Trainee: 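Can you keep this structure in mind? I'll have questions shortly.
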Protein chains: 2
Amino acid sequence: MDSDSHRALKHRWSEYLRRSGLKTTQQRELIVETFLRLEGHVSIDELLARVRRRNPRVGYATVYRTLKLLAEGGLAQPRHFGDQQTRFEVADEGAHHHDHLICTECNQIIEFENEQIERLQDEVAKELGGFKIVRHKLELYGLCPRARGEQNGYCAQPERWTRRS
Amino acid sequence: MDSDSHRALKHRWSEYLRRSGLKTTQQRELIVETFLRLEGHVSIDELLARVRRRNPRVGYATVYRTLKLLAEGGLAQPRHFGDQQTRFEVADEGAHHHDHLICTECNQIIEFENEQIERLQDEVAKELGGFKIVRHKLELYGLCPRARGEQNGYCAQPERWTRRS
DNA sequence: CTTTTTGCAAATTCTTTGCAGCCCA
DNA sequence: TGGGCTGCAAAGAATTTGCAAAAAG
């Protein structure tokens with residue numbers, strides 16, 4: 001993430017806090033900063049682990065509460081992939097929207113974007129009575145080349161996710 | 001669901017049981033029958049409630065266990081929409097695949113299908129190293145006409161979902 | 001000072017599991 | 001008969017909440 005969009009996100013965050021009459025605290029700032037700097041899809045545990053590197057006294061509840069605020073403020077998007085953990089992703093309006101391609105064997109997640117698909121989605125919404133699409137979620141599940149059996153096929157992440165232990 | 005596809009699903013189910021060395025039981029049959037007859041997206045609670053109309057002694061665990069089998073057998077697809085409940089949907093290979101348009105205000109869910117989008121998905125997968133797409137999930141979230149403010153706009157389901165009470 | 005926020009632990013919610021007895025093959 | 005199946009209750013896992021102490025404005 002470039003620093004421009006990072007700055008924009010921080011600004012949206014402070015605006016959200018102000019509008020909602022919420023306070024700025026050390027923990028919140030640390031969690032938000034850590035979250036915004038992370039790429040990809042973070043689980044609460046992963047985020048908490050990162051946060052605790054800097055401040056070991058932060059608790060689960062605070063991370064949950066802060067991510068809820070981030071989601072309400074439109075800065076984070078909750079997601080459910082294969083497992084039961086909720087993962088969060090930075091909702092960066094400046095960046096292009098992207099979707100996900102997930103290997104059901106090795107669980108690697110590849111992001112992609114496709115303008116044509118986005119356009120077709122708006123058309124569908126118009127046909128179906130005139131919905132106004134706010135956001136969408138497209139997930140393709142399949143087998144990456146290696147999982148399909150190609151010996152030297154590409155596989156970015158041949159191990160499975162580890163869960164909270 | 002027409003009776004042909006219902007029969008086909010029941011056949012897939014018995015094949016699955018046989019292949020896996022599992023037994024046919026009253027409860028399983030009742031749960032599967034009830035599930036296959038339901039349209040749309042069922043939560044465990046809704047399904048259990050229906051099942052108990054016919055046999056009040058069926059327990060949660062059995063429904064969970066049976067839905068897990070249905071999912072493994074490819075007859076049910078688990079889904080997460082807005083709330084934290086897992087919903088299941090009949091995976092009817094005979095029917096066309098469909099996707100979902102969800103109103104974030106009233107939570108109505110409209111199903112649709114679009115061939116062009118499906119085609120583009122396969123293209124994307126090919127470009128991204130040659131994945132083999134097994135299934136996909138496309139969810140459009142937005143505002144239905146009424147939620148957008150149109151007084152007489154279409155809104156199939158103006159109430160919110162009720163959760164387990 | 002007042003109002004929020006935090007961290008902890010306890011409570012909730014959803015889902016899975018252990019086990020004694022029941023039922024299908 | 002014998003191994004799978006069920007229902008119950010207890011365990012687990014993820015998330016939320018109550019509350020007293022701490023921090024922010």
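From a predicted model like this one, the values you see are computed outputs, not experimental measurements. In what follows, chains carry the letters A, B, and so on, assigned in the order in which the sequence lines appear, proteins first and then strands, with residues in each chain numbered from 1.
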Trainee: Please tell me whether B:His41 and B:Glu46 have a donor and an acceptor in their side chains that are separated by less than 3.5 angstrom.
Mentor: no

Trainee: Are a donor atom and an acceptor atom from the side chains of B:His98 and B:Glu113 found within less than 3.5 Å of each other?
Mentor: no

Trainee: Please report the distance, rounded to the nearest Å, between OH in A:Tyr60 and C1' in C:dT12.
Mentor: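 Atom-to-atom, A:Tyr60 to C:dT12, this comes out as 17 Å.
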
Trainee: A:Phe88 CZ to D:dA14 P: how many Å, rounded?
Mentor: 14 Å

Trainee: Quickly work out the A:Gln85 CD to C:dC14 C1' distance and round it to whole Å.
Mentor: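 Computing the A:Gln85:CD to C:dC14:C1' distance gives 15 Å.
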
Trainee: Between B:Ile31 and B:Val58, is the side-chain contact (heavy atoms from CB on, under 4.5 Å) condition met? List the steps.
Mentor: CA-CA 9 Å; B:Ile31 292 166; B:Val58 174; 4.2 Å; yes

Trainee: Side-chain N or O of B:Thr86 versus OP1/OP2 of C:dT15: is the shortest distance under 4.0 Å?
Mentor: yes

Trainee: Atom CZ of A:Arg65 to atom P of D:dT16: distance rounded to whole Å?
Mentor: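 Rounded to whole Å, this separation is 10 Å.
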
Trainee: Can A:Glu123 and A:Lys126 be counted as an ion pair, charged N to O under 4.0 angstrom?
Mentor: no

Trainee: For DNA chain C, which residues in residues 47-59 of chain B have a heavy atom at a distance below 4.0 Å?
Mentor: none

Trainee: Any salt bridge linking A:Glu72 with A:Lys68? Criterion: basic side-chain nitrogen under 4.0 Å from a carboxylate oxygen.
Mentor: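 A salt bridge is absent here (no side-chain N lies under 4.0 Å from a carboxylate O).
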
Trainee: I'd like to know if B:Arg12 pairs up with B:Glu15 as an ion pair, taking the criterion as any Lys NZ or Arg NE/NH1/NH2 lying under 4.0 Å from an Asp or Glu carboxylate oxygen.
Mentor: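 No.
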
Trainee: With the side chain of A:Ala61 defined as its heavy atoms from C-beta on, choose the nearest nucleotide among C:dT16, D:dT15, C:dA9.
Mentor: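 Minimum distance to the A:Ala61 side chain belongs to C:dA9.
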
Trainee: Count the heavy atoms belonging to other residues, nucleotides or ligands that lie under 6.0 Å from CZ of A:Arg50, then report whether that count exceeds 12.
Mentor: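 Counting other residues, nucleotides and ligands, CZ of A:Arg50 stays at 12 neighbours or fewer.
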
Trainee: Atom OH of B:Tyr64 to atom P of C:dT17: distance rounded to whole Å?
Mentor: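 Roughly 13 Å, once rounded to whole Å.
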
Trainee: Just list the side-chain donor-acceptor pairs under 3.5 Å for residues 19-27 of chain A, sequence neighbours left out, or say none.
Mentor:
{"residue": "A:Ser20", "atom": "OG", "partner": "A:Tyr16", "partner atom": "O", "Å": "2.8"}
{"residue": "A:Thr25", "atom": "OG1", "partner": "A:Arg28", "partner atom": "N", "Å": "3.1"}

Trainee: Let's see if you get this right: which residues in residues 14-35 of chain B place a heavy atom under 4.0 Å from DNA chain C?
Mentor: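 Result for residues 14-35 of chain B: B:Lys23, B:Thr24, B:Gln26, sorted by number.
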
